[in-house]
Amino acid sequence: MVSGPLSDTRPKSRLWAPDPVEWTVSPGLTEYGEAVADMEARAAAIRAGEARERIWLLEHPPLYTAGTSAKAADLLDPDRFPVFRSARGGEYTYHGPGQRVAYIMLDLDRRGRDIRAFVRALEDWILEALTEFSVRGERREGRVGVWVDRTAPGGPVREDKIAAIGVRVRRWVSFHGIALNVEPDLSHFGGITPCGVSDPHLGVTSLVDLGLPVTMDDADAALRASFHRIFGPTLDAA
């Protein structure tokens, strides 16, 4: 694993900072309530100057979360998995095994105080990580997250979401984060209208669904390398 600055001569993002961010990877499945409590405590410690910024990579057991804009009608199967209210922005999303969740606790007070630029940098982080697997992720106006164009020649438009973004910023410290679909059970998204998008031409995909034999370790390495270029160096958690 990379644990210091990369020898990359490309221009740095405006969100880049030179102080290493703690990089934590949790094995197994982490309960959602436990993760939220840990995130909130860490964000408060960062704000108080008592802890280093942190990126926390994990997987959750199957569950749905409802962001601050979630609509009740978008929960199509409320008894399928546990449902959690979340302080993050956005609507309903699914988390489960095979999906890499990255919780992002960064001090935006020292990274520019620009939430719009922060969200765009998160998209850049994912887009650049996907290039490691020759996947062209794309932004879409009015749809937060990263999409893959799967339109067949001469066929109708088809776009699938491969990564979701949902963050909260409190006193200029971020928490919650991104979810990259590596190899989740895509049928589990059927219990919700993901992110409130019900267009039949818009679906959900994963790296493995695209035919790529990508492991979670592969995805983590790509995310870490890309993070260095967008946000700055990292160090392994003690």
Side-chain angles (χ1 to χ4, degrees), residues 1-26 30 32 34-58 65 67-69 86-90 93 95 100-132 137 139 144-146 163-180 219-238:
M1 279 291 186
V2 179
S3 57
L6 298 183
S7 57
D8 195 322
T9 58
R10 283 174 292 179
K12 296 179 176 67
S13 154
R14 63 186 297 183
L15 275 293
W16 196 92
D19 296 331
V21 176
E22 180 183 302
W23 190 271
T24 304
V25 182
S26 289
T30 303
Y32 186 75
E34 173 189 333
V36 171
D38 188 291
M39 269 194 296
E40 296 211 354
R42 184 57 172 258
I46 293 168
R47 179 68 278 163
E50 298 169 352
R52 189 182 294 275
E53 295 175 301
R54 184 191 196 199
I55 299 297
W56 184 15
L57 274 58
L58 52 78
T65 67
T68 54
S69 302
S86 174
R88 63 165 174 79
T93 195
H95 294 312
R100 176 50 88 208
V101 173
Y103 287 134
I104 301 155
M105 289 148 272
L106 296 181
D107 184 355
L108 301 185
D109 190 33
R110 44 193 298 275
R111 291 177 182 266
R113 283 198 173 206
D114 187 333
I115 294 176
R116 194 179 297 271
F118 174 54
V119 173
R120 188 169 183 85
L122 294 178
E123 292 174 338
D124 287 339
W125 179 24
I126 300 165
L127 291 169
E128 186 162 322
L130 290 175
T131 65
E132 294 293 323
R139 295 181 174 89
V144 177
V146 173
I165 298 173
V167 293
R168 177 75 184 267
V169 176
R170 180 183 296 157
R171 299 182 64 199
W172 292 107
V173 177
S174 67
F175 54 111
H176 295 282
I178 69 169
L180 173 63
D220 290 352
L223 285 168
R224 194 167 189 178
S226 177
F227 184 90
H228 279 238
R229 292 186 282 267
I230 304 297
F231 292 102
T234 65
L235 54 76
D236 293 323

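Values below: every heavy atom of this structure, side chains too, minus hydrogens, waters and symmetry copies. The model shown is predicted, which means the values in this text are computed figures rather than measured ones.
The shortest side-chain heavy-atom distance between L106 and F231 falls under the 4.5 Å cut-off. Proximity of S26 to Y103: side-chain heavy atoms (C-beta onward) are nowhere separated by under 4.5 Å. A 4.5 Å side-chain heavy-atom check between L130 and V146 finds at least one atom pair inside the cut-off. Residues F118 and I104 are in side-chain contact: their nearest non-hydrogen atoms beyond the backbone lie under 4.5 Å apart. At least one side-chain heavy atom of D38 sits under 4.5 Å from a side-chain heavy atom of W56. Residues E40 and F175 are in side-chain contact: their nearest non-hydrogen atoms beyond the backbone lie under 4.5 Å apart.
Considering every non-hydrogen atom in both A17 and P233, the closest pair reads O-CD, 3.3 Å. Closest approach of T68 and G89 over heavy atoms only: OG1-CA, 3.6 Å. Smallest separation of non-hydrogen atoms from Y32 and H176: OH-CE1, 3.5 Å. The shortest heavy-atom contact between S226 and A129 is OG-N, 3.7 Å.
The residues R139 and D124 are annotated as salt-bridged, a charged nitrogen and a carboxylate oxygen being separated by less than 4.0 angstrom. In this structure, R42 does not pair ionically with E50, as no charged nitrogen and carboxylate oxygen lie closer than 4.0 Å. Between D19 and R110 there is a salt bridge, since at least one side-chain N of the basic residue sits less than 4.0 Å from a carboxylate O of the acidic one.
Distance CD1/I178 to CD/E123: 11.0 Å, rounded to 0.5 Å. Atom CZ of R113 is separated from atom CG of D107 by 9.0 Å, given to the nearest 0.5 angstrom. To the nearest 0.5 Å, the span separating NE2 on H95 from CZ on R100 amounts to 12.5 Å. In this structure, CZ on R14 lies 13.0 Å from CD1 on I230, to the nearest 0.5 angstrom. To the nearest 0.5 Å, atoms CZ (R54) and OG1 (T24) are separated by 4.0 Å. Within the model, atoms CD1 of I46 and CZ of R52 stand 10.5 Å from one another, a figure rounded to the nearest 0.5 Å.
In this structure, a donor-acceptor pair under 3.5 Å is present between the side chains of R224 and T234. When only modelled atom types and interatomic distance are considered, R88 and T65 share a side-chain donor-acceptor pair under 3.5 Å.
Judged by distance alone, the side chain of R47 and the main-chain N or O of V173 form no donor-acceptor pair under 3.5 Å. Between the E53 side chain and the V21 main chain, no donor and acceptor come within less than 3.5 Å of each other. At distances below 3.5 Å, at least one donor-acceptor pair connects side-chain atoms of T131 with backbone N or O atoms of E128. A donor-acceptor pair under 3.5 Å is absent between the side-chain atoms of S174 and the main chain of V169, judged by distance alone.
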What's the verdict on ring-ring contact (aromatic ring centres under 6.0 Å, His included) for F227 and W125, showing C-alpha distance, side-chain angles and the deciding distance?
-> CA-CA 6 Å; F227 184 90; W125 179 24; 5.3 Å; yes
For D114 and L15, run side-chain contact (heavy atoms from CB on, under 4.5 Å): C-alpha distance rounded to whole Å, both residues' side-chain angles, the deciding distance at 0.1 Å, then the answer.
-> CA-CA 9 Å; D114 187 333; L15 275 293; 6.0 Å; no
D220 and L57: side-chain contact (heavy atoms from CB on, under 4.5 Å), yes or no, with the steps?
-> CA-CA 8 Å; D220 290 352; L57 274 58; 3.3 Å; yes
